[in-house]
Structure formats: structure tokens, C-alpha cells
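Below is one structure, written out as C-alpha cells, with a few remarks after it.
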Amino acid sequence: MDDQDDTLRSRARGGGCPQIVVARHAGYCYGVERALRLTEEAVRTAEGPVATLGPIIHNPTVVRRLEERGARMVEDVAHASEGTLVVRTHGVPPEAVGEARRRGLHVVDATCPFVAVAQRKAAELREAGYLVVILGERDHPEVVGLQGFAGPEAVVVEDADGLRPSLVCGRRVGVVVQTTQSREHLADVVAALAPLARETLVFNTICDATEKRQTAACELAGQVDAVVVVGGRNSANTARLAKLCREIEPRTFHIETAAELRPEWVRGCRRIGVTAGASTPEDEIEATIRALERLCEPAAGE
Ligand code: SF4
């Protein structure tokens, strides 16, 4: 499913010093490629205006490029009065799609299929009478969408410490997870629930692409003197990559574009790692590598 993974194998760039090493898995995932393909198809074929409901993916450069090609972004269904509305990769609450259809909009659902699985599991747990616990970032659009499926009683926790014993004690609890969380995070929450809940049913809805990128980023961070993580600051999976790398290699820098790179970040490094979130286009990764190569070139006369 993760088509991009085969194209960005770990590679050392240049024979000199420092070496620039790219993570085995980095950049666009299946869900992002699919969402962008659906949006571009809509721009090409739709008769009326095309809008995305929120940013289609969490990468400001890509969103700007899409706007230039005719897919404007609206923050609310009420701001689209005609034409086609594309549902963002992160999904939205079911009420938003219902509202769009009531307004006569043609809806293209670009929700990532992995997010859609988490939404379906949340709805099934709710229907089966479980208290749904969503492990994720409270204000992230994917989590807001999941809440819509999990119902008003659902509880969002950002970590095990956020679990209020009084809410789950003696209850049948079902867990779903924001697709970009880490397994360790999930294990902590499940361990905290086990002694409290009457029954715990866990759906690990962390997506494969996320896990591969996190594992590859950690491997990379252990082998280099500095890590550059490329991707939107509003991208949860990119921010998590940066956090995981920083725990291993404190000299970790999260950038959105190559223009943000600073020479002092990589001064004295023998190996520099580059990784990127699932919503980072390959041209941005390549631009970062080229910029790092330029930064590391010896000055004339040296
Ligand atoms: S990171 Fe995973 S869940 Fe998110 S869009 Fe990509 S494939 Fe889908």
C-alpha cells in the first residue's frame, strides 16, 4: 500500500564529508498520494468550483500549489455554496458530510482508508455500547473526525496520564488510536486501562506508513550527528518524527522548507540524516538534500 517506500531507500549522498543519509521510509504515503490524486481529478473534471474542507494534507506548500490550480480551501461546509467539496485526508465528522450533501454539494471523499477504518471501529464500538477512548491529539482534525463517529460520550486522551479513572472504572471500554500515534504510547494507555475497566477492547489503528517512518527515523537518528525532519509544522506525523529523533539525537531540526536550514546546525557533522513526514513531497526532500550539500561545501580557497 505504501508505494513511496520503495523509492526512498536509505542512501548516502556524495562521497565526501559530511554524508547525507535519507531515511529508508520518508515522504508521501499511500493516503496522501490518493488524496492528492482525487483532488487533482476533481479540479480536472468537475463542472463547478472545487474546494477542500480544511487543508487536504498538512503541508502548506502543497495546499498553496493546489489553490493555484483551482482547489481553494474552506474551513467550514457553510463556506462552500456550490460545486465539489473534497473531504480532507484526515477525515471529518459524519455530520459535515451530511451537511455538504444537504447543501447540494458533490462530495469527493479523500479520507485516507486507514483513517476510515479507525472511524468505522469507533462507530462500531459506540453502537456495541462501549465507552470509546480515542488516543490522540485533542484538537487534531483526525481526532475531531473520530469523535464524530465515537459519539458525545467518547473520551480523548493524549497519554496514559490523561485517563481519568472515575470515567473508565468498571466500564466496557473500547480504544481506537489516531493513525499517527506510536505503539509505545498505545501500550501505556492500555496498561493504565487494564486494572480499571471491566473489559478493554483495543483496535490498533496506527497506520503502517506511520510505523515504518517512525522506525526508520529512529534507526537514522542513531547513526548520524544531526537530523533534519522536513514537513509541515501542522503535520502530526512529522512533528512526532521530530520528537522521536530528538529523543535519540538532540541535534534534530524540524523545517518546512529548505530555506530554513542554518549552517550552524550541521557544523562539524560527519553524517547528517534527513527524514520527512507522510505529507512531504519528494521535491521538498530533494531541495533539502541539495541545500545541505551546498551548506557543507568547503568555501573557496579552503
Ligand atoms: S500516514 Fe497513514 S493514515 Fe495518514 S494519510 Fe498516510 S497512510 Fe493514511
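Indexing begins at 1, ligand by ligand and atom by atom, following the structure's order. Note: hydrogens, waters and symmetry copies are ignored here, and every other heavy atom, side chains too, is used.
Using modelled atom types, one finds a donor on one side chain and an acceptor on the other under 3.5 Å when comparing Tyr130 with Glu199. Using a 3.5 Å distance cut-off with no hydrogens or angles, the side chains of Thr257 and Glu284 do not pair a donor with an acceptor. For the residue pair His58 / Arg88, a side-chain donor-acceptor distance below 3.5 Å is found, with atom types taken as modelled. A donor-acceptor contact under 3.5 angstrom links the side chains of Gln181 and Gln178, judged on distance only.
Using a 4.0 Å cut-off between charged nitrogen and carboxylate oxygen, Arg102 and Glu99 count as a salt-bridge pair. For Glu67 and Arg64, the salt-bridge test fails: no basic side-chain N is under 4.0 Å from an acidic carboxylate O. A salt bridge is absent between Glu249 and Arg271; no separation between the charged side-chain nitrogens and carboxylate oxygens falls under 4.0 Å.
Within ligand 1, the atoms closer than 4.0 Å to a non-hydrogen atom of Cys112 are 3 (S), 5 (S), 7 (S), 8 (Fe), numbered from 1 in the order shown. Heavy-atom proximity to Cys207, at under 4.0 Å, picks out these atoms of ligand 1: 1 (S), 2 (Fe), 3 (S), 7 (S). Using a 4.0 Å cut-off to heavy atoms of Thr89, the atoms of ligand 1 that qualify are 5 (S). Shown in contact with Phe114 at under 4.0 Å from a heavy atom are these atoms of ligand 1, numbered in order with element: 3 (S), 7 (S), 8 (Fe). Every atom of ligand 1 with a heavy atom of Thr210 under 4.0 Å away is listed here by number and element: 1 (S). Residue contact check: Gly31 has heavy atoms under 4.0 Å from atoms 5 (S), 7 (S), 8 (Fe) of ligand 1. Short contacts between ligand 1 and Thr179, defined as distances under 4.0 Å to a heavy atom of the residue, involve ligand atoms 3 (S).
For the ligand labelled ligand 1, residue Asn237 lies outside the 4.0 Å heavy-atom shell.
Not one N/O/S atom of Cys29, from backbone or side chain, sits under 2.8 Å from atom 2 (Fe) of ligand 1.
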